[in-house]
Amino acid sequence: KHLKEKPIPPSSFSPMISEDLEQTCLRLLEKDPVNRFASANHLLQYLNNENSKPCRRSLIGRTRELHQIREKLAGLTSQKGGVILLESEHGLGKSQLLHATGNILDNLEIFWSLGKNYGSEQPTYSGFQTLLEDIKTSSNQSSINSNSSQNDQWTLFSQVQENLQSYLPMAILMDNLELADKGTIALLEFLIFSTIEDELPIFFLLSYNTNAGNPIPEIDLLLKSESVRRIVLKPLTQEAVEEWLLCQAKNDEMIPLLAK
């Protein structure tokens, strides 16, 4: 009944209910989630509550994705790790989701490191530059050499893994994985699979541009792993665009039309 029958308009019970309030209630009860409000903030802005604070949200339309990320972060407090791969074409908010996750981790007082990649020709292990510098500083391990030769690669990997023990639980965020150098990909692959095997409380959040061109075999291997949770970002819905417009301007009848 709830799934198929349309709800009775509130004004049928009380003629004192305004048309605006009735339309708001009916929209909240829409069968298809796409036709509802995109978030609580969207509803608040739509109602244009005079007592509400100005909209300061920098990330709009990604409530569901953030919820999935929060679920994995909750596992860190229970000493459980996880891997999430954000996939989409360029410009759909993957980097913003990484920064929003960093803010959540700050609130949880969990150590995290963000790595950025700019191209396969970047210096080796550039995606882990910040993390490697943190390790060197905190542990005075000048012996950790990111310029090591191929023969010393496994020595470096083992040193990194050993030093990460003092940061647990922790999170490793990696942006633009498709642009990573081979060293970064190899170290990431090692840390992910060793984390899964040893059940370490390390959370990985990775972003990957799906229209980057030729696929990288090592990344394809990660994609096929059952331990990696893939979240495919799609363009913002009409409701999310409406929320954004409401954050920029006062509520008026033209905003839903502009959003559409």
Side-chain angles (χ1 to χ4, degrees), residues 33 37-47 49 51-88 92-117 127-139 160-161 163-177 188 191-192 195-196 198-208 227-234 236-237 239-240 243-244 246-248:
F37 295 98
S39 66
N41 177 72
H42 183 191
L43 172 60
L44 182 63
Q45 297 299 321
Y46 184 84
L47 293 173
N49 188 339
N51 296 321
S52 66
K53 297 180 180 178
C55 179
R56 293 191 178 92
R57 293 189 65 189
S58 60
L59 189 63
I60 288 176
R62 298 301 179 200
T63 303
R64 293 175 184 172
E65 290 85 354
L66 272 177
H67 176 69
Q68 294 179 70
I69 292 172
R70 286 179 184 274
E71 284 183 328
K72 284 293 184 181
L73 293 180
L76 283 178
T77 59
S78 303
Q79 302 300 306
K80 295 180 180 179
V83 187
I84 288 182
L85 179 68
L86 303 173
E87 300 178 74
S88 78
L92 291 185
K94 298 185 294 296
S95 296
Q96 284 188 305
L97 272 171
L98 289 173
H99 287 288
T101 302
N103 292 334
I104 296 172
L105 288 163
D106 283 338
N107 292 332
L108 294 173
E109 297 183 345
I110 292 176
F111 175 82
W112 61 280
S113 177
L114 172 62
K116 298 182 179 181
N117 299 287
F128 284 99
Q129 180 180 357
T130 302
L131 180 59
L132 292 174
E133 289 177 354
D134 286 340
I135 291 176
K136 288 180 181 180
T137 301
S138 62
S139 60
V160 172
Q161 184 184 35
N163 281 276
L164 289 184
Q165 299 294 324
S166 61
Y167 293 99
L168 301 180
M170 66 170 295
I172 295 176
L173 316 182
M174 183 74 67
D175 203 6
N176 297 326
L177 189 57
L188 178 65
L191 290 176
I192 287 178
T195 294
I196 294 172
D198 298 336
E199 298 183 349
L200 299 174
I202 302 178
F203 170 66
F204 297 85
L205 181 62
L206 321 170
S207 80
Y208 181 66
S227 301
V228 177
R229 184 172 185 175
R230 301 170 66 176
I231 299 179
V232 180
L233 273 62
K234 298 179 180 179
L236 295 181
T237 64
E239 288 67 33
E243 178 183 353
W244 182 83
L246 286 169
C247 281
Q248 311 303 316

Mind checking the [atom1]-[atom2] spacing from [X] to [Y]? Nearest 0.5 Å is all I need.
{"X": "T101", "Y": "E65", "atom1": "OG1", "atom2": "CD", "result": "11.0 Å"}
{"X": "I172", "Y": "F204", "atom1": "CD1", "atom2": "CZ", "result": "4.5 Å"}
{"X": "I84", "Y": "R230", "atom1": "CD1", "atom2": "CZ", "result": "13.0 Å"}
{"X": "W112", "Y": "T130", "atom1": "CH2", "atom2": "OG1", "result": "9.5 Å"}
{"X": "S166", "Y": "I135", "atom1": "OG", "atom2": "CD1", "result": "7.5 Å"}
{"X": "K94", "Y": "Y208", "atom1": "NZ", "atom2": "OH", "result": "10.5 Å"}

Looking only at heavy atoms, which two atoms of [X] and [Y] are closest? And how far apart?
{"X": "F203", "Y": "L205", "answer": "CE2-CB, 3.7 Å"}
{"X": "L76", "Y": "P201", "answer": "CD2-O, 3.3 Å"}
{"X": "I110", "Y": "P169", "answer": "CG2-O, 3.6 Å"}
{"X": "D175", "Y": "S95", "answer": "OD2-OG, 2.6 Å"}
{"X": "G61", "Y": "A240", "answer": "CA-CB, 3.6 Å"}
{"X": "I196", "Y": "S227", "answer": "CD1-CB, 3.3 Å"}

**Message:** Taking CD in E199 as the centre, count heavy atoms belonging to other residues, nucleotides or ligands within less than 6.0 Å. Is the count above 12?
**Reply:**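 Counting neighbours around CD of E199, 12 or fewer heavy atoms of other residues, nucleotides or ligands fall under 6.0 Å, so no.
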
Determine whether [X] and [Y] make a side-chain contact, defined as any pair of heavy atoms from C-beta on separated by less than 4.5 Å.
{"X": "L114", "Y": "K116", "result": "yes"}
{"X": "L86", "Y": "L206", "result": "no"}
{"X": "R70", "Y": "I104", "result": "yes"}
{"X": "Q161", "Y": "D198", "result": "yes"}
{"X": "S88", "Y": "V232", "result": "no"}
{"X": "Q165", "Y": "L200", "result": "yes"}
{"X": "L92", "Y": "L236", "result": "no"}
{"X": "Y167", "Y": "I202", "result": "no"}

**Asked** Could you walk me through whether V83 and R229 pass the side-chain contact (heavy atoms from CB on, under 4.5 Å) check?
**Response** CA-CA 6 Å; V83 187; R229 184 172 185 175; over 6 Å; no

**Prompt:** Run the side-chain contact (heavy atoms from CB on, under 4.5 Å) check on E71 and L66 step by step: do they pass?
**Reply:** CA-CA 9 Å; E71 284 183 328; L66 272 177; over 6 Å; no

**Message:** Quick one, N117 with M174, criterion side-chain contact (heavy atoms from CB on, under 4.5 Å). Give me CA distance, side-chain angles, the key distance, then yes/no.
**Reply:** CA-CA 8 Å; N117 299 287; M174 183 74 67; 3.3 Å; yes

**Message:** As a quick check of understanding, evaluate side-chain contact (heavy atoms from CB on, under 4.5 Å) for L132 and V160, giving each step before the final call.
**Reply:** CA-CA 8 Å; L132 292 174; V160 172; 3.7 Å; yes

